[in-house]
Amino acid sequence: MAKSLIVANLKSYQNENEAKNWLESFKKIKELNLNSAEKEVIVCPAFTQLFSFFSYFSSNNIDIKIGAQNVSPFDEGAYTGEVNAKQIKDFAQYVLIGHSERRQNFNETDDILMKKVAMAFKYGLNPIFLIQNQTDLIPQGTQVVAYEPSFAIGSGTPDTPENANAIASVVKSKNNVQMLYGGSVTAGNVKSFTAKANLDGVIVGGASLEAEELLKIIQNA
Ligand code: PGA
C-alpha cells in the first residue's frame with residue numbers, strides 16, 4: 001500500500017488557548033497506532049503556535065511533522081513583520097507555498113512564490129506547493145504538490161476524485177512529485193481521494209479545526 005500524506009492546514013483561527021485544547025484532543029492519535037510507513041501526518045498551525053505544537057509533540061512523543069502556513073520571500077534581515085525560513089526551520093520541516101488564499105488576498109505572484117520556495121530550500125524546509133489548476137507553474141525541485149481548486153476550498157463541494165486523479169496524472173507526467181488533493185475533504189470523502197492511483201494524500205482545512213474530525217480523516221485515509 002502506498003503511503004498517504006495527510007496535511008492539516010489550521011489556517012488563521014486558533015489562539016494559544018484554543019490550540020492547547022486542540023492538542024489535548026489530538027493527543028488520542030497515539031491510540032490509533034498509526035504505521036508511519038503507511039500514513040504520514042503533517043500539521044500546519046499559525047506562526048504563533050509553531051512553538052507550542054513543536055514542544056507538545058516532542059514532550060508527548062507524538063510522531064507528527066509540523067509545517068508552517070507561509071514563509072517570507074526574503075532571507076533574514078530588516079523586513080519588519082516577516083517570518084523567514086531560518087526561523088521556521090527551528091520548529092517545522094514543511095511549509096505551505098502557493099495557497100490560493102495567499103495568491104488572492106496577498107497578491108502572491110509566481111515570482112514571489114519562486115522566491116519563497118528558494119528560501120525554503122536554502123534552509124532545508126520542504127515546500128508543499130499548492131496549485132489551483134494543472135497549468136500553474138511548479139518550481140524546480142518541488143517534491144510535494146497539492147491540487148486545490150478554488151471552488152472547492154471551504155465550500156463543501158469538493159472536486160470529483162476522478163478529476164483530481166486526472167489532474168494529478170497530468171502533473172506527474174511532467175514533474176517527479178507526490179500529488180495531494182485539497183478542498184472540502186472530510187472523514188466521509190477522504191478515502192475516495194486517497195484510493196486514487198495518482199493521489200498520494202490530502203490537505204484538509206476546515207475539517208481539521210475539530211481535532212476529532214481530523215483523527216477520523218487520518219483513520220479513514
Ligand atoms: P478546506 O480547505 O478543507 O476547508 O476546503 C483546504 C485548504 O484551504 O487547504
Side-chain angles (χ1 to χ4, degrees), residues 4-14 18-19 22 25-26 39-47 49-50 53 64-71 88 92-108 113 116-117 120 125-134 136 138 142-165 167-168 171 177-196 199-221:
S4 280
L5 210 61
I6 300 125
V7 182
N9 172 12
L10 295 170
K11 306 200 183 191
S12 183
Y13 288 101
Q14 295 171 336
E18 290 163 337
W22 188 96
S25 308
F26 189 68
K39 292 178 191 178
E40 175 140 283
V41 181
I42 303 166
V43 176
C44 306
F47 282 144
Q49 264 75 55
L50 281 179
F53 276 66
I64 299 289
K65 306 273 186 313
I66 294 178
Q69 297 173 19
N70 186 23
V71 61
I88 292 168
Q93 285 128 298
Y94 290 87
V95 59
L96 305 181
I97 298 176
H99 196 287
S100 63
E101 287 160 9
R102 296 216 53 92
R103 291 179 193 251
Q104 280 156 26
N105 299 322
F106 303 94
N107 303 319
E108 291 191 356
L113 299 176
K116 290 184 175 217
V117 169
L125 284 169
N126 297 315
I128 297 171
F129 194 80
L130 294 104
I131 58 171
Q132 285 70 48
N133 58 65
Q134 66 195 44
D136 281 347
I138 295 173
T142 304
Q143 289 174 345
V144 184
V145 171
Y147 162 62
E148 252 196 10
S150 301
F151 73 81
I153 297 176
S155 65
T157 309
D159 202 344
T160 62
E162 291 68 32
N163 194 48
N165 188 53
I167 291 194
V171 173
V177 293
Q178 282 186 291
M179 279 301 296
L180 313 182
Y181 166 75
S184 297
V185 172
T186 61
N189 66 22
V190 64
K191 191 71 197 175
S192 64
F193 292 102
T194 55
K196 290 289 178 204
L199 293 176
D200 305 293
V202 289
I203 172 159
V204 187
S208 66
L209 290 168
E210 293 297 330
E212 299 285 349
E213 177 74 4
L214 179 59
L215 292 173
K216 279 190 212 140
I217 290 172
I218 295 167
Q219 265 178 305
N220 293 354

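Both counts, for ligands and for their atoms, begin at 1 and track the order of listing.
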Review point. Hey, are the side chains of Ile203 and Val185 touching, using non-hydrogen atoms and a 4.5 Å cut-off?
Key: no
Practice item. Would you check if Phe47 and Asn70 make a side-chain contact, meaning some heavy-atom pair closer than 4.5 Å? Key: yes
Check your understanding: Glu108 side chain to Gly98 main-chain N or O, any donor-acceptor pair under 3.5 Å?
Key ->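 Looks like no, no N/O pair under 3.5 Å.
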**Study point:** Counterpart residues, side-chain hydrogen bond (donor to acceptor under 3.5 Å, both in side chains), relative to Gln143 (two or more places apart)
**Key:** none
Practice item. Heavy-atom distances under 4.0 Å are what count here, so tell me which part of Ala152 touches ligand 1: side chain, backbone, both or neither. Key: backbone
Check your understanding: With sequence neighbours left out, what residues match Glu101 under salt bridge (Lys or Arg N to Asp or Glu O under 4.0 Å)?
Key ->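 Salt bridge (Lys or Arg N to Asp or Glu O under 4.0 Å) list for Glu101, sorted by chain: Lys11.
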Pull out every atom of ligand 1 sitting under 4.0 Å from any heavy atom of [X], numbered as shown with elements.
| X | value |
| --- | --- |
| His99 | 7 (C), 8 (O), 9 (O) |
| Gly205 | 1 (P), 2 (O), 3 (O), 4 (O), 6 (C) |
| Ile153 | 2 (O), 5 (O), 8 (O) |
| Gly154 | 1 (P), 4 (O), 5 (O) |

Point to revise | Min heavy-atom dist Gly183 to ligand 1 below 4.0 Å | key: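 Gly183 counts as a contact of ligand 1 under the 4.0 Å cut-off.
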**Study point:** Close approach of Ser184 to ligand 1, heavy atoms, under 4.0 angstrom
**Key:**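 Contact check Ser184 vs ligand 1: positive.
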Review point. Would you say Lys11 has any N or O atom under 3.5 Å from an N or O of ligand 1, going by distance alone?
Key: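 For ligand 1, there is an N or O atom that lies under 3.5 Å from one belonging to Lys11.
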Exercise for review: State whether a side-chain donor-acceptor pair under 3.5 Å links His99 with Gln69.
Suggested key: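 On atom types as modelled, these side chains do not qualify, holding no pair under 3.5 Å.
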Point to revise | Winner among Gly206, Ser150, Pro149 once heavy atoms are compared against atom 4 (O) of ligand 1 | key: Gly206
Practice item. Give the ring-plane orientation class for Phe193 versus Tyr181, where under 30° counts as parallel, over 60° as perpendicular and anything between as tilted. Key: parallel
Check your understanding: Identify the closest protein heavy atom to atom 6 (C) of ligand 1: which residue and atom is it, and at what distance?
Key -> Glu148 OE2, 3.3 Å
